[in-house]
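The shown structure was predicted, so the numbers you read here are calculated from the model rather than taken from an experiment. Labels below follow one simple rule: chain letters A, B, ... track the order of the sequence lines, proteins then strands, and each chain is numbered from 1.
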Number of protein chains: 2
Amino acid sequence: MLARVSSSPTFKRLPRAVREQQMLDAAVKVFSRRGFHAASMDEIADDAGISKPMVYAYLGTKEELFIACLHREGTRMMEAIAGAVAPDLPADERLWRGLRAFFGFVGAHRDGWAVLYRQARASQPFAAELATMRGRLVEVVAGMLDHALRAEGREVGATDLEVVAYALVGATESLADWLADHPEADPEKTATRMMNVAWMGAAQLLHGVTWHPPAT
Amino acid sequence: MLARVSSSPTFKRLPRAVREQQMLDAAVKVFSRRGFHAASMDEIADDAGISKPMVYAYLGTKEELFIACLHREGTRMMEAIAGAVAPDLPADERLWRGLRAFFGFVGAHRDGWAVLYRQARASQPFAAELATMRGRLVEVVAGMLDHALRAEGREVGATDLEVVAYALVGATESLADWLADHPEADPEKTATRMMNVAWMGAAQLLHGVTWHPPAT
DNA sequence: GCGTAACCTTACGCACGAGTAGGTATGCTC
DNA sequence: GAGCATACCTACTCGTGCGTAAGGTTACGC
């Protein structure tokens, strides 16, 4: 009964690896458009051209699926950045290339990335996953600053370094949001602007210029 | 039947205004702890020491309730900041006081504010509300920069100004997150750190020092 | 050609939680 | 102290959507 009336051009059976990617593509799309909560597994399955139990069989529950999305996209982003910076370049050059790669990536995945990212901040289970990624970024930036500082013969507390790095990463993320919301904006130009804010400030710190609260 | 066995010390009937505040307190608490989705109206009502229909009668649906929370907390924050900055102070002093007020506020409402704020970014209906608040902040910061720039006899495009302001606000938000996650951290010190990152960079820009991408 | 394993389906159970209907108590006004 | 408005309750309805049971179909090895 209902023997696959074969309306579409004969459904091909595909190997697992391929289907999984299709599902992830669909999931990213739907999660982006609807948000985690409003997205339904039915819609994702539908969009992937597959039925729901397959999604469960391959990628697990809704949460696991979301984390899988986050993971894939995050890894791609990290690779994009890592591929752009050579370890033997001077700090400002590395920062610039990293930023350019980052904004380039976001610009190329506006809907996909930014919204996924925003979702992830909201609820506990995902926050951990996200924190890992952000942590790696912060670490890289902090390492860069530290390296540059040592070259200048200065020392700065680990917490200070981390916090500054955190601020820079935060500013960058914020601009990524801005970029995602402004389709006409140019990633390269955004990166330049970020560089102006970040590096100008960082460079001051590197040269020992600091700000202190006024004696009130 | 079941005529209020009066276990607790005789429930008082309270005027609407008071109950509304209690409900909002409870809502902020529960939304913070669970996230918007996972929070249930039952739990909120329970926590407020009231029954669910009362919540609906006074504050409306779950979304409306959340927006009411956002609104109240946002207004309080804005007032805290506005009360700290005098319009006739120099730009750096205003920035410093604004930052100190902001981080002080976040520090005093760690769980409440930061998580509420994180939630709001996730789904569309709330994003609008949040965008308004952030927009006001960006406007204030941009205005401050613009003012300072004019004083130096410089002109900068409106978009550039907005983007820089956006980055600064983003960095600040990011540090607020960090602060919320580190109970031992000192708001005042965090504000100082932010000032170092932000103002050092901004000051450079004010003096016409800019960064340009290297000719590759 | 025939088993077996992987692919894929339809159709359902079931919990959870938003929102409501309809009724009870309490204080305030005259 | 009757009447009325407002505070407040218990106990439902009902949609939604996650996750699954049980069964069909295609490919591939032997």
Just how far, in rounded Å, is [atom2] of [N] from [atom1] of [X]?
| X | N | atom1 | atom2 | answer |
| --- | --- | --- | --- | --- |
| Glu43(A) | dT16(D) | CD | C1' | 14 Å |
| Leu59(B) | dA18(C) | CG | C1' | 15 Å |
| Glu20(A) | dC8(C) | CD | P | 11 Å |
| Tyr56(A) | dA22(D) | OH | P | 18 Å |
| Met41(B) | dT20(C) | CE | C1' | 13 Å |
| Ile50(B) | dA25(C) | CD1 | C1' | 13 Å |
| Phe36(A) | dG17(D) | CZ | C1' | 12 Å |
| Lys62(B) | dG19(C) | NZ | P | 8 Å |

Give one of base, sugar-phosphate or nothing for [X], where a contact means two heavy atoms less than 4.0 Å apart.
| X | result |
| --- | --- |
| Ala39(A) | sugar-phosphate |
| Met54(A) | base |
| Ser51(A) | base |

> Is there a side-chain polar atom (N or O) of Arg19(A) under 4.0 Å from OP1 or OP2 of dC8(C)?
Replying inline: yes
> Atom OG1 in Thr75(B), atom CE in Met77(B): separation rounded to 0.5 Å?
Replying inline: 9.5 Å
> Which word best sums up how the rings of Phe66(A) and Phe36(A) line up, parallel for under 30°, tilted for 30 to 60°, or perpendicular for over 60°?
Replying inline: perpendicular
Looking at [Y], is its backbone amide N or carbonyl O close enough to the side chain of [X] to form a donor-acceptor pair, meaning the two atoms are under 3.5 Å apart?
| X | Y | result |
| --- | --- | --- |
| Arg110(A) | His182(A) | yes |
| Ser174(A) | Gly170(A) | no |
| Ser32(A) | Val28(A) | yes |

> Where each residue is assigned the nucleotide of DNA chain C containing its nearest heavy atom, which of Pro53(B) and Pro15(A) is assigned the position nearer the 5′ end?
Replying inline: Pro15(A)
>> Measuring from the side chain of Thr61(A) (C-beta onward, heavy atoms only), which nucleotide among dG17(C), dA7(D), dG19(D) has the closest atom?
In response: dG19(D)
> Is there a donor and acceptor pair, one atom on the side chain of Lys52(B) and one on the base of dG19(C), closer than 3.5 Å?
Replying inline: yes
